[in-house]
Amino acid sequence: MPLRLFNTLSGKIEEFRPLADNQVRMYACGPTVYDYGHIGNFRTFIAVDVLRRFLRQSGYQVRHVMNITDVDDKIIRNSARDGVSVRQYTAKYEKAFLEDTETLNIERPQLVRATDHIQHMAQFIASLEKKGFAYRAEDGSYYFRIAKFPDYGKLSKKDFAGMEDGARVDVDEYDKDNARDFALWKAPKPGEAFWETPIGRGRPGWHIECSVMSMGELGETFDLHAGGEDLIFPHHENEIAQSEAMTGKPFVHFWFHARFLLVEGEKMSKSLGNFFTPRDLVLKGHKPSSIRYLLASVPYRNQLNFTFSGLKQAAESVERLRTFTLRLTTERFPEGSGESMSDLAKETIERMRAGLQDDLNTAQAQGAIFEMVRKANAAADAGQMRKDDVAPLLCAVEKFDEIFAVLKDDDQPKIQRVLDWAEMEGKLKEASQEVIAAANTQQLSDAKVEKKISEMEQARRARNFKHSDAIRAELNAAGIVVEITKDGARWRRK
Ligand code: AMP
Ligand code: ZN
């Protein structure tokens, strides 16, 4: 069965198939690097990452391009305010964005920077002007003439007929009632950064950047274009107008939009004090894997309300899966196989797949794996698990983690990196005690832990429980959980 996805352009769920061969060409609007990314941004980026991983798991090759918006109204304003160049201003946030995506196990797309393509944008605008879709204003700015493009509004489903011809808007972001000729190119105001180009001095508008870079990398028509729901209008509507006016061909087959994230039931805003970046959360003691798990847990078109209790539950879910994997890989089971476990694993893989094929129903996929864990644990507790059952169960867990990417126990170095950053920025006082303690566990290498564990086991064998308990407590304080099983002790980091 093919993947079924909601397409904002048709307003329906459709079967997704690439336009050519086995390769999916997709473009996602990336961050505007004027500040740190917040968890709302990362909800959208994780939704796209889940899509990308699932397409690959389904056998497609994925060519995934993402832009870095390193020039726009806010960037121009802030860099002028700070008296630095645009590149100097954005470099810090671009680096932070790349680190955050790594922290959240988001696979890195091919990245394209707006400021590396200014000349292409100027050429594109010159061609639009030749075709009659763009015009130059008195101050040297260029605008797109939306009255020349009758399909304007087809993505946002808004009827713009009767709109005043020639009315203009020159800010990058504006609301639905403000459909006017939009800026393709902005002439510099005194003191503002600009580029020299054949169409004059200035800088591109935000929308032109994505049309030029997406078609430049992926061709005039490609498979899928993604972003958060706020981008439907005006950004994506304007991209369609610019691109289709230029080529006369359909620009994009599927439009994929993730619903906005709420925090504790409200829109995120600095004034409400509910504005969180992944860094803030890691500093408060939350693991990167819990954040990723939570952000992926609600299907991308449903409302996701981020709460701290949800984050705690996400952490517990990840721990349960990690403990289950540890159990399967360390416990000694009798030879042979119990039929029902491999069937259970197979069914689980099918249920996860069916969920994800249904417009990326991540909740169903998570539900399926937990049902498997519950049944398999019960079987193991009842002594019914056999040696040959382990591989198929682990295979189901592996398939799950190819999409959700939360099980490899790689939180520690990421936490350490956030702490290093906090120290540099003078924010270490915001770090919770837990996170500092967790970072200290780094200092205990695997070899040292193993040594302590064998010392502990020796003490136990000698029935010196006082000593073995003391070692266990010491390890626990260093963030190492020790579990005693009939096959001996096994351990993991908290
Ligand atoms: P920006 O850096 O503002 O250009 O946004 C980068 C991406 O994050 C875009 O795809 C936005 O649509 C998306 N985005 C911004 N805020 C939220 C939010 N609260 N929930 C989900 N996605 C968001
Ligand atoms: Zn874009």
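When a ligand or atom number is given, it counts from 1 through the structure's own listing order. Residues: numbered from 1 along the sequence shown.
Distances from atom 18 (C) of ligand 1 to the heavy atoms of Gly40, Cys29, Ala28 show the closest one on Gly40. The option with the heavy atom closest to atom 19 (N) of ligand 1, from among Trp206, Phe260, Phe275, is Phe260. In this comparison of Asp72, Asn41, Thr69, the heavy atom closest to atom 3 (O) of ligand 1 sits on Asn41.
Asp172 and Lys186 are joined by a salt bridge, as a carboxylate oxygen and a charged side-chain nitrogen come within less than 4.0 angstrom of each other. Salt bridge status for Asp410 with Lys414: present, with a side-chain N to carboxylate O gap under 4.0 Å.
You'll find the ring centres of Phe16 and Phe254 inside the 6.0 Å limit. Residues Phe42 and Phe45 bring their aromatic ring centres within 6.0 Å.
Side-chain contact, Asp70 with Tyr93: no donor N or O sits under 3.5 Å from an acceptor N or O.
Within His235, the N, O or S atom lying nearest to the Zn ion (ligand 2) carries the name NE2.
Contact annotation: for His38 versus ligand 1, heavy atoms closer than 4.0 Å belong to the side chain alone. Counting heavy atoms under 4.0 Å from ligand 1, residue Thr32 touches it through both backbone and side chain. Contacts between Asp230 and ligand 1 below 4.0 angstrom, taking non-hydrogen atoms only, involve the side chain exclusively.
For His207, every N, O or S atom stays at 2.8 Å or more from the Zn ion (ligand 2).
Not close to ligand 1: Gly37, with no non-hydrogen atom less than 4.0 angstrom away. Residue contact annotation: Phe45 has a non-hydrogen atom under 4.0 Å from ligand 1.
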*Could you go step by step and tell me if Tyr36 and Trp421 meet the ring pair (Phe, Tyr, Trp, His ring centres under 6.0 Å) rule?*
CA-CA 13 Å; Tyr36 293 106; Trp421 162 82; 5.6 Å; yes

